[in-house]
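Here, residue 1 is the first one in the sequence, and each next residue gets the next number.
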Amino acid sequence: MLSRSAGDSPGPRCLLGQTARPHARCEADLTADVDAQVGHDHLEPGRGERVGQRAHRRRYGAAVTPDEFRKHGYQLIDWITEYLEHVEQLPVASTVRPGDVRAQLPEHPPAAPEPFDAVIADFERIVVPALTQWQHPSFFAYFPSNVSYPSILAELANAGLGIQGMSWVTSPACTEVETLMMDWMQELLGLPEAFRSTSATGGGVIHGSASEATLASILAARWRITGGAVNTDGDTSQLVAYATSQAHSSIEKGLRIAGIGTSQTRIVAHDTAFAMRPDHLAELVAADRAAGSRPFWVCATRGTTSSMAFDPTTEIGVIARREGLWLHVDAAMSGIGALVPEQRWINDGLELADSYCTNPHKWMGVNFDCDLFYTADRNALLGALSILPEYLRSAAAASGAVVDYRDWQLPLGRRFRSLKLWFMLRAEGVAVPQEMIRRHVALTAQLATWVRADPRFEIVAPAPLNLLCLRLRADDPAAGDLATDALIERANASGEALFTRTVLDGRVALRFSIGGRTTEERHVRGGWELLQALVAG
């Protein structure tokens, strides 16, 4: 499909079995557009190509010309649209074996440019079939990674602009749109005013992932507990951090990077709902102080990855305030649920948090990557991350009138990520993700009723939003583990749906995560009936 020329009809059929729609603009229109942009519009005698157009190509040194870029760009937009509208026809997961993709590609780079049609043909023939189809409505694994058409267009605009938004002066709009989008989202999610850019000490920034946000919070916390001394001596030997075994793996990774080893990380006990026990946190903090250590950071998760457990943030926050701990709240996926007013309980206790993050690139439809990281103590964040060489100084920053977001994150470079939020919120509004969230929560509740009605299965964790954890019943728990593992493998191998496995208190469970933009009741029912049929067979 992608390899046909503009104006060809009907064209070869693509991977999805659909014929591309004719492009609205023909080859002649494209050439006219290029000519209109060229400074010289006279023809070289005896030649059909304009001199200015040739000079334009030479000036940019590109093998792909502007009119070719337009042609293939329109074709690619068509392909993306067909893919998203018909991805349901593909297997959810690929069946390729390790090394299969590389074996179909040349071992060495091309000696000369190849036709773009050939590139796209290989993309469709080799790459796409070897992908896990995250946009498939029967993708029930991991977590959602939804996209939306406005967000896709914003990504295209961002790629075309190619700006570097490391500071206000390098691209003022990149900074100011981001600040506004963080404030829009603070309002839409009902987050504390302390996180707003206009607050005395807080504000927000867009990171690439919740993992980056976690590390940023750890670095800010260790700066604050040491009064900034860690920037000079690098001494973290006495610092101790706290989280449950249900917290995301990025917690341990972030602590390691920050010089806090596993021997300095305390695992707080959880209750039967897999949520942190505040009483045990208080006991651990007291014991560490008595031993001469310095408790400095605790993570409360609002919607854990394994089971969607919600740590009691208010009780944890009271302990953190009393003991001088930095409280980071990780709501990577579930936090977006607060877009729906009736789910604002998700935010309970955030008024006591020093930092918070959630991901529009999961359950909202903003393309990856887009993590919202808020802090109520921007001075600690800046103290940990701000370094100002001469070549980055500016009068605007020195005046205090602007924000340089490079000081709010780990890397220096910054993409215009906020453009995705701006495009989506303006073109679709908040009602679209709200409807999707409500639908997914209702479908999860419906799934739970089906599971409870089948005596072969059991639900092993609360399901307040859009994740249900279940397993096969067995008199011998070990036999139940083996049977559940086998069920997951067979279901995933079918290509009809995709699930992920977890272990909760030593027992294997199947995670049924309902979060796809196009997921409807028939897909959830189909996934559940697939599991039932595999057990019966």
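With no hydrogens or angles considered, a side-chain donor-acceptor pair links His328 and Ser355 at under 3.5 Å. Under 3.5 Å, the side chains of Trp79 and Glu124 contain a donor-acceptor pair of N or O atoms. Between the side chains of Ser167 and Arg406, no donor-acceptor pair of N or O atoms lies under 3.5 Å.
Side-chain atoms of Thr304 come within 3.5 Å of backbone N or O of Ala309 as a donor-acceptor pair. Using modelled atom types, no side-chain atom of Thr484 and backbone atom of Arg471 make a donor-acceptor pair closer than 3.5 Å. Distance alone, capped at 3.5 Å, is enough to place a donor-acceptor pair between the Arg439 side chain and the Thr519 backbone. Checking side-chain atoms of Asp369 against main-chain N and O of His207 turns up no donor-acceptor pair under 3.5 Å. The closest donor-acceptor contact from the side chain of Glu520 to the backbone of Arg522 lies at 3.5 Å or more, if one exists at all. The closest donor-acceptor contact from the side chain of Ser386 to the backbone of Asp407 lies at 3.5 Å or more, if one exists at all. In this structure, Arg517 contributes its side chain and Val147 its backbone to a donor-acceptor pair below 3.5 Å. A donor-acceptor pair under 3.5 Å links the side-chain atoms of His361 to the main chain of Cys370, judged by distance alone.
The minimum heavy-atom distance linking Asp330 with His248 is given by the pair OD2-CB, 4.1 Å. Looking at every heavy atom in both residues, Ala338 comes nearest to Leu189 through CB-O, 3.6 Å. Contact between Tyr405 and Thr179 at its shortest, heavy atoms only, is OH-OG1, 2.8 Å. Considering every non-hydrogen atom in both Ser334 and Gly303, the closest pair reads OG-CA, 3.6 Å. Nearest heavy atom pair, residue Leu531 against residue Phe457, reads O-CZ, 4.2 Å. The two residues Gln246 and Ser306 have their closest heavy-atom pair at OE1-CB, 3.9 Å.
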- [ ] Report the C-alpha separation of Trp422 and Leu180 in whole Å, then their side-chain angles, then the decisive distance to 0.1 Å, and conclude whether the side chain to side chain contact (heavy atoms under 4.5 Å, CB included) test is met.
- [x] CA-CA 9 Å; Trp422 191 49; Leu180 180 62; 5.6 Å; no
Open item on the list: Under the criterion side chain to side chain contact (heavy atoms under 4.5 Å, CB included), I'd like the reasoning laid out for Leu385 against Leu410: C-alpha separation, chi angles, the key distance, then a yes or no.
Closed with: CA-CA 7 Å; Leu385 299 177; Leu410 302 180; 4.0 Å; yes
Open item on the list: Working note: Asp404 + Arg414, criterion salt bridge (Lys or Arg N to Asp or Glu O under 4.0 Å); need CA distance, chi angles, decisive distance, verdict.
Closed with: CA-CA 10 Å; Asp404 281 350; Arg414 308 198 79 248; over 6 Å; no
TODO: For the pair Gln343 and Leu465, evaluate side chain to side chain contact (heavy atoms under 4.5 Å, CB included) and give the outcome as yes or no after the intermediate values.
DONE: CA-CA 9 Å; Gln343 304 295 351; Leu465 291 175; 3.6 Å; yes
- [ ] Please lay out, stage by stage, how Met185 and Leu425 fare under the test side chain to side chain contact (heavy atoms under 4.5 Å, CB included).
- [x] CA-CA 10 Å; Met185 290 303 296; Leu425 288 173; 4.1 Å; yes
Open item on the list: Run Tyr83 and Gln133 through side-chain hydrogen bond (donor to acceptor under 3.5 Å, both in side chains) and show every step you take.
Closed with: CA-CA 10 Å; Tyr83 170 81; Gln133 310 300 337; 2.3 Å; yes
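Between Leu372 and the choices Leu421, Val205, Asn359, Leu191, the side chain to side chain contact (heavy atoms under 4.5 Å, CB included) rule is met once, by Leu421. With respect to Val366, the side chain to side chain contact (heavy atoms under 4.5 Å, CB included) criterion is satisfied by exactly one of Ser151, Ser148, Pro433, Pro150: Ser151.
Using cut-offs of 30° and 60° for the angle between ring planes, the Trp134 and Phe143 rings count as tilted. Taking the six-membered ring for Trp and thresholds of 30 and 60 degrees, Phe116 and His72 have ring planes inclined between 30 and 60 degrees apart.
Residues Met436 and Asn146 form a side-chain contact, since some pair of their non-hydrogen atoms from C-beta on lies under 4.5 Å apart. Taking 4.5 Å as the limit, some side-chain heavy atom of Pro144 sits within range of a side-chain heavy atom of Met333. Side-chain contact check for Tyr149 versus Leu84: some heavy-atom pair is nearer than 4.5 Å. Side-chain contact between Leu156 and Ile152: absent, with no pair of heavy atoms (C-beta onward) separated by less than 4.5 Å. With contacts defined as side-chain heavy-atom distances shorter than 4.5 Å, the pair Tyr356/Arg302 does not qualify. The shortest side-chain heavy-atom distance between Arg415 and Asn158 falls under the 4.5 Å cut-off.
Listed by first then second residue, pairs satisfying salt bridge (charged side-chain N to carboxylate O under 4.0 Å, His left out) with a partner in residues 96-106 read Arg97-Asp100, Arg102-Glu107, not counting sequence neighbours.
For Tyr142, the OH atom is loosely surrounded, since the number of other residues' heavy atoms within 6.0 Å does not exceed 12.
With values rounded to the nearest 0.5 angstrom, Leu487 atom CG is found 12.5 Å from Arg501 atom CZ. Rounding to the nearest 0.5 angstrom, the gap separating the CG atom in Leu153 from the CD atom in Glu155 is 10.5 Å. Between the CD atom of Gln434 and the CG atom of Leu339 there is a distance of 6.5 Å, given to the nearest 0.5 Å. In this structure, the separation between OG1 on Thr81 and NE2 on His86 is 10.5 Å, given to the nearest 0.5 Å. Separation of atoms CE (Met424) and CG (Asn367) is listed at 9.5 Å; rounding is to 0.5 Å. Here Asn466 contributes atom CG and Thr444 contributes atom OG1; the two are 5.0 Å apart, rounded to the nearest 0.5 Å.
Checked against the 6.0 Å centroid criterion, the rings of Trp528 and Phe512 do not qualify as a close aromatic pair.
Judged by a 6.0 Å distance limit and a 45° cone about the ring axis, Arg417 is not positioned over the six-membered ring of Phe373.
Every residue two or more places apart in sequence or in another chain that forms a side-chain contact (heavy atoms from CB on, under 4.5 Å) with Glu252 is listed here: Arg256, Thr262.
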